[in-house]
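Everything below concerns the one structure shown next.
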Amino acid sequence: MITIIIKSFNRPYYLDRCLQSIYTCVKGNFEIKILDDGTPKKYLDLIQLKYPNVNIITSNQYLDKIQAIENNINNGNKIDGFTIPTDLWYNEVKSSSDYVLVTEDDVWFTKFINIDEVVREMKSFSIPLLKLGWLGNYSDDKNLIIDKLSDHLNRTQPQKLFTSNKFVMDLFMYNKYKFFTVLYKLGLVDNKTKRKYWSLNSILMGLYQKEYWLAIWADAKGKVDEKQQLRNAATWYNDNKKAVFARTNQEVLKTTFKSSATGSYHEFEKNIFDVNRMNFILNEAWLNNKFDAMQNYPKDFSDDYIKSFLDKENHPDAQYDEWFKWAEKFRQQYRNLGAEVDN
């Protein structure tokens, strides 16, 4: 049994797509846990009705988050998207199978995969992390040793990657005592050096050996700290140099650049669009069976489809033109990193 963990927050129209894609594309013996941090109950009830075999587990702050959503819709109060249930994530991964896929509600499968076969190969090759998607970003391949492991998997081993114990990696990642600055002045690192460590981690699309995921998230305290994750990953790799990092021979997961859970991480100047209002509009349409969660699949929802709902509602905080500007700024952030965001 392999556990698929889906972290979710207030976008059942994407969660539905995620789940449908799993049952369409994934072959093998698996269970699904939805770790929810504030999707209103009426939406979760419909998800449970549609997918009776999934296990929905809510966070300790679930009721507070529901109230925050209601206050946002009724009064325009901002939703705090920075406080996250890392304790729930950690505990549920810890109680799961030895290999876990940890993903989010706005990620979906686009191609078939036999997850039992993949995990057998991960065990055979001692792979702690297998990436199932990487946003079409091959710009960092130059820092990897890439070769074929099997018909399904390619090795993506980091080369010339500095690793050490936790104390030293802490100095390195956080530039404590100007450690990284000194290395920079000596010409040993540059502004792109830390980016190389993402070869050891995946936020949205990683199939993990459980103990490796737990090591990466061991000291997370209610927030996502990417430097902390990369420090922990590098420390683990320093102690486990025989580990093989890999990815599938083609991407099987995709995510959206047309929505976000709260907007907390994607606020842009001179933009009057409210992604929370958009989510409310699409959530309600989905609840009333007017929004097709698989529209335009395996690609993301088409712009025209989103436009039809925003235009019909015609809310001043969720106008189509402003949404398009917001989404384009969102996409540009990832284009700048080398990601493919337009397909």
Quick one: does [X]'s side chain have a donor or acceptor within less than 3.5 Å of a partner on [Y]'s backbone?
X: Y297; Y: R17; result: no
X: W286; Y: R11; result: no
X: D105; Y: C18; result: no
X: T3; Y: V100; result: no
X: D37; Y: Q61; result: no
X: N283; Y: N10; result: yes
X: K131; Y: N201; result: yes
X: T248; Y: L153; result: no
X: S124; Y: R120; result: no
X: K94; Y: L214; result: no

Closer than 4.0 angstrom, basic N to acidic O: yes or no for K176 and D170?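 Salt bridge flag = yes for D170 with K176.
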Between R331 and E328, does any NZ, NE, NH1 or NH2 come within less than 4.0 Å of an OD or OE carboxylate oxygen? yes
Assess K241 against Y237: is NZ or CZ under 6.0 Å from the centre of the six-membered ring, and within 45 degrees of the ring's axis?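 The answer is yes, since K241 meets both limits relative to Y237.
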Compare all side-chain heavy atoms of [X] with those of [Y] and state whether any distance is below 4.5 angstrom.
X: Q229; Y: Y197; value: no
X: D106; Y: Y13; value: no
X: P12; Y: K50; value: no
X: F245; Y: T156; value: yes
X: K7; Y: L88; value: no
X: I84; Y: W89; value: yes
X: L144; Y: Q159; value: no
X: N53; Y: Y23; value: yes

Between atom [atom1] of [X] and atom [atom2] of [Y], what is the distance when rounded to the nearest 0.5 Å?
X: F179; Y: M169; atom1: CZ; atom2: CE; value: 8.5 Å
X: D45; Y: I56; atom1: CG; atom2: CD1; value: 8.0 Å
X: K221; Y: Y90; atom1: NZ; atom2: OH; value: 9.0 Å
X: Y208; Y: I216; atom1: OH; atom2: CD1; value: 4.5 Å
X: L15; Y: T39; atom1: CG; atom2: OG1; value: 7.0 Å
X: S8; Y: L44; atom1: OG; atom2: CG; value: 6.5 Å

Using every non-hydrogen atom in the two residues, find where [X] and [Y] come nearest and quote the distance to one decimal.
X: C25; Y: T110; value: SG-C, 4.3 Å
X: P40; Y: I69; value: CD-CD1, 4.1 Å
X: P298; Y: W108; value: O-NE1, 2.8 Å
X: F30; Y: V26; value: CE2-O, 3.6 Å
X: V244; Y: P128; value: O-CD, 3.1 Å
X: L135; Y: E251; value: N-OE1, 2.9 Å

Are [X] and [Y] linked, directly or through other ILVMFWY residues, by side chains that come within less than 4.5 angstrom of each other?
X: F167; Y: V189; value: yes
X: I145; Y: F162; value: no
X: Y177; Y: F180; value: yes
X: L101; Y: M1; value: no
X: V168; Y: L186; value: yes

Atom [atom1] of [X] with >12 non-hydrogen neighbours under 6.0 angstrom:
X: K142; atom1: NZ; result: yes
X: N336; atom1: CG; result: yes
X: K178; atom1: NZ; result: no
X: K111; atom1: NZ; result: yes

Going by atom types only, do [X] and [Y] share a side-chain donor-acceptor pair under 3.5 Å?
X: T193; Y: D190; value: yes
X: K65; Y: S59; value: no
X: R195; Y: S139; value: yes
X: S302; Y: N296; value: no
X: Q20; Y: D16; value: yes
X: N114; Y: D116; value: no

Any chance you could lay out the side-chain contact (heavy atoms from CB on, under 4.5 Å) test for K194 and F172, step after step, and finish with the verdict? CA-CA 9 Å; K194 291 180 182 178; F172 181 87; 4.3 Å; yes
Run the numbers on N175 and T181 for side-chain contact (heavy atoms from CB on, under 4.5 Å), then give the verdict. CA-CA 7 Å; N175 196 26; T181 300; 2.9 Å; yes
Without placing hydrogens or testing angles, list every side-chain donor-acceptor pair under 3.5 Å for residues 306-313, not counting sequence neighbours.
| from | atom 1 | to | atom 2 | distance (Å) |
| --- | --- | --- | --- | --- |
| K307 | NZ | D311 | OD2 | 2.5 |
| S308 | OG | Y305 | O | 2.6 |

Hey, mind stepping through Q228 and N232 against side chain to side chain donor-acceptor pair (under 3.5 Å) and telling me if it holds? CA-CA 6 Å; Q228 183 184 78; N232 292 346; 5.0 Å; no
Do E284 and L287 pass the side-chain contact (heavy atoms from CB on, under 4.5 Å) test, and can you show the C-alpha distance, the side-chain angles, and the key distance before you say yes or no? CA-CA 5 Å; E284 287 293 296; L287 181 67; 4.1 Å; yes
Check I5, T58, I6 against L35 for a side chain to side chain contact (heavy atoms under 4.5 Å, CB included) and give me the one that passes.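 Result for side chain to side chain contact (heavy atoms under 4.5 Å, CB included) with L35: I5.
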Checking ring pair (Phe, Tyr, Trp, His ring centres under 6.0 Å) for the pair F301/Y14: CA distance, chi angles, key distance, verdict? CA-CA 10 Å; F301 302 119; Y14 268 118; 5.0 Å; yes
Other ILVMFWY residues reachable from W134 by side-chain steps of under 4.5 Å: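 Y138, all in the cluster of W134.
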Go through it in stages, so that I can follow the logic: the residues are K33 and I4, the test is side-chain contact (heavy atoms from CB on, under 4.5 Å), and I'd like the CA-CA distance, side-chain angles, deciding distance and then a yes or no. CA-CA 6 Å; K33 294 182 181 180; I4 299 175; over 6 Å; no
Could you tell me which residues satisfy side-chain contact (heavy atoms from CB on, under 4.5 Å) with N143, sequence neighbours excluded, listed by chain and number?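 side-chain contact (heavy atoms from CB on, under 4.5 Å) check on N143 returns D140, K196.
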